[in-house]
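Keep in mind that this is a model prediction, so the values were computed, not measured. By convention in this document, chain letters (A, B, ...) are assigned in the order of the sequence lines, proteins followed by strands, and residues within each chain are numbered from 1.
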Protein chains: 2
Amino acid sequence: MRVIVAEDQGMLRGALSALLDLEEDIEVVGQAANGEQALDMIQSLKPDLCIMDIEMPKLTGLDVAENIKQNNMACRVVILTTFSRSGYFQRAMKAGVHGYLLKDAPIQELSEALRKVEQGGRAISPELALQFWEAENPLTSKEQDILKLIAQGLSAGEMAKQLFLSSGTIRNYVSEILQKLEAKNRIDAIAIAEKNGWLS
Amino acid sequence: MRVIVAEDQGMLRGALSALLDLEEDIEVVGQAANGEQALDMIQSLKPDLCIMDIEMPKLTGLDVAENIKQNNMACRVVILTTFSRSGYFQRAMKAGVHGYLLKDAPIQELSEALRKVEQGGRAISPELALQFWEAENPLTSKEQDILKLIAQGLSAGEMAKQLFLSSGTIRNYVSEILQKLEAKNRIDAIAIAEKNGWLS
DNA sequence: AATTTCGGATGACAAATGTCATTCTCGGTT
DNA sequence: AACCGAGAATGACATTTGTCATCCGAAATT
């Protein structure tokens, strides 16, 4: 199978590409250091499969996966990421990726996952799916929006202007968020949400 | 040369080990998934060189490097990390590491760095050293202590109790920090300090 | 149809944050 | 010896945060 590797970390990109190329049934036809390069290569080289990091410059791996789906491109995506975050996972599933692996896993799992996906299967750890199901986000979508703005350091007044609400309303949302996350202040809330994958 | 690879990400640890083993003059004699394992292996296997990540469970790579130096062990350390953070770099230099590479670099740089270090040299990118020299931390050591407590979500009152100072003093320190970092609030200050490697 | 629940929205008030002026001590400079 | 600058320390005051009570509308339940 023809494969490209999209990973901004040079060490990992090079190492994975070299190792996968040693496998008889795998040919690494391209390596991308950012999402834009990945998309270009997918369009021009038409690989069967792409190993895709998430957090990359220019376009994220999820941006690319969504683009592939929207344009009905015949390239299967296997996400390979450091972050076991619920938000990333959900977005990846919606984008129709065929695999979702963490970089924590042993290297052997990668080629096994590629073969599984090539044969029409999916390669997603059941433990991951369960972990994300359990860590369900307790916040409403409006509260999640507010939390993102909190994490960007905006004051209640600034958020009020941006969302066309009053400062009192924003402060009430903030208070609700603190109570739901059992956080004692905004900094604590940010840390808890990031740890649980509710901020991305 | 006999080498161990200490890296908590299974994919990278496996891939690097496999590739380095392919080199004629390099033998990977052990792989560690955390700092404690790394230290145990260094003590029992006595490798010539260790490739060491920084952020690992149990003991950090820097903890291990400091231990090696304190106990005069004949194992040279090459740090391999994602984070180009000033604090990590300075601590690594103090611990006497022989190399400091970022995972961004091409895979070829790794084996070149290992050979350089084996021959008694050091493998540290001049660009890195310059970047850290330029991004000098503007905070006094007391302010850095306060910033760490801010990042942990403590209130001024809590910090006051912990440091045996008054709440007014703490608030003044916080204000000084915000002015020096040109931050508009604590959340902003945390983000700026993390970006510049002044929080670790 | 009536009632209940939940999310969205707001402001009063207490608590915390951030700014500013002030004082003190110590080390460096003249 | 005298002076200056920087860091450490503090409290008054203005601003912002966080809590709480309240109201409204829509959807779900009875």
Side-chain angles (χ1 to χ4, degrees), chain A residues 86-87 90 133 135-196 198-200, chain B residues 86-87 90 133-200:
Chain A
S86 169
Q90 285 166 21
W133 184 82
E136 205 161 317
N137 195 338
L139 305 178
T140 68
S141 85
K142 194 89 167 201
E143 287 164 351
Q144 291 179 53
D145 291 341
I146 301 285
L147 182 56
K148 277 171 187 161
L149 298 181
I150 290 172
Q152 288 169 25
L154 269 71
S155 69
E158 288 166 334
M159 296 189 229
K161 278 189 184 114
Q162 190 163 322
L163 299 177
F164 306 100
L165 298 170
S166 87
S167 171
T169 300
I170 299 296
R171 280 181 280 106
N172 193 56
Y173 276 121
V174 172
S175 192
E176 277 288 298
I177 291 167
L178 298 190
Q179 282 176 27
K180 284 182 173 178
L181 302 189
E182 289 176 32
K184 48 186 200 175
N185 55 37
R186 296 181 187 199
I187 294 171
D188 201 18
I190 293 166
I192 291 166
E194 273 179 347
K195 192 169 88 182
N196 284 282
W198 301 329
L199 247 181
S200 47
Chain B
S86 170
Q90 285 165 20
W133 183 81
E134 283 178 341
E136 204 162 317
N137 194 337
L139 305 178
T140 68
S141 84
K142 195 88 169 204
E143 287 165 352
Q144 291 179 52
D145 291 342
I146 302 283
L147 182 57
K148 278 171 186 157
L149 299 182
I150 290 171
Q152 288 169 25
L154 270 69
S155 70
E158 288 165 333
M159 296 189 229
K161 280 191 183 112
Q162 190 164 320
L163 299 178
F164 304 101
L165 297 169
S166 87
S167 171
T169 300
I170 299 296
R171 281 183 280 105
N172 194 55
Y173 276 119
V174 172
S175 190
E176 275 289 298
I177 291 167
L178 298 191
Q179 281 175 27
K180 284 183 174 179
L181 302 188
E182 289 176 33
K184 47 187 202 174
N185 55 37
R186 296 182 189 197
I187 295 173
D188 202 18
I190 294 168
I192 292 166
E194 275 181 345
K195 193 168 89 182
N196 285 282
W198 301 328
L199 245 184
S200 44

Residues in side chain to side chain donor-acceptor pair (under 3.5 Å) with [X], at least two apart?
| X | answer |
| --- | --- |
| K180(A) | E143(A) |
| K161(A) | none |
| R186(A) | none |
| E176(A) | none |

Rounded to the Å, how far apart are [X] [atom1] and [N] [atom2]?
| X | N | atom1 | atom2 | result |
| --- | --- | --- | --- | --- |
| D188(A) | dA16(C) | CG | C1' | 15 Å |
| I187(B) | dG18(D) | CD1 | P | 8 Å |
| Y173(A) | dC20(D) | OH | C1' | 17 Å |
| L149(B) | dT17(C) | CG | C1' | 16 Å |
| K180(B) | dA6(D) | NZ | C1' | 9 Å |
| L154(B) | dA15(C) | CG | C1' | 17 Å |
| E182(A) | dG18(D) | CD | P | 17 Å |
| I190(B) | dT17(C) | CD1 | C1' | 14 Å |

Handout entry: Any donor-acceptor pair under 3.5 Å from N137(B) side chain to L139(B) backbone
Key =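 It does hold such a pair.
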Handout entry: Short side-chain to backbone donor-acceptor contact, N185(A) and I187(A), under 3.5 Å
Key =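 Checked: pair present.
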Exercise for the section: Go through the steps to decide whether I150(A) and M159(A) satisfy the test side chain to side chain contact (heavy atoms under 4.5 Å, CB included), and finish with yes or no. Expected result: CA-CA 8 Å; I150(A) 290 172; M159(A) 296 189 229; 3.7 Å; yes
Problem - Per-nucleotide protein contact string for nucleotides 18-29 of chain C (B base, S sugar-phosphate only, - none; heavy atom under 4.0 Å) - result: BBBB--------
Problem - DNA chain C-proximal residues of residues 156-165 of chain B, any heavy atom under 4.0 Å - result: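 Within residues 156-165 of chain B, the residues near DNA chain C are A156(B).
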Practice task
Report the nucleotide, chosen from dG7(C), dG11(D), dA8(D), that has the shortest atom-to-atom distance to any side-chain atom of K142(B).
Solution key: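 It is dA8(D).
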Fill in the blank from the handout: The nucleotide from dT17(D), dA16(C), dG11(D) with an atom nearest the side chain of S155(A) is dT17(D)
Problem - Steps toward side chain to side chain contact (heavy atoms under 4.5 Å, CB included) verdict (L163(B), I146(B)) - result: CA-CA 9 Å; L163(B) 299 178; I146(B) 302 283; 3.5 Å; yes
Problem - Side-chain N,O (S167(A)) to OP1/OP2 (dT10(C)) below 4.0 Å - result: no
Practice task
Respond yes when some side-chain nitrogen or oxygen of T169(B) is under 4.0 Å from OP1 or OP2 of dA8(D), and no when none is.
Solution key: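 Checking dA8(D) against T169(B), no side-chain N or O comes under 4.0 Å of OP1 or OP2.
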Handout entry: Side-chain heavy-atom pair E158(A), Q152(A) within 4.5 angstrom cut-off
Key = no
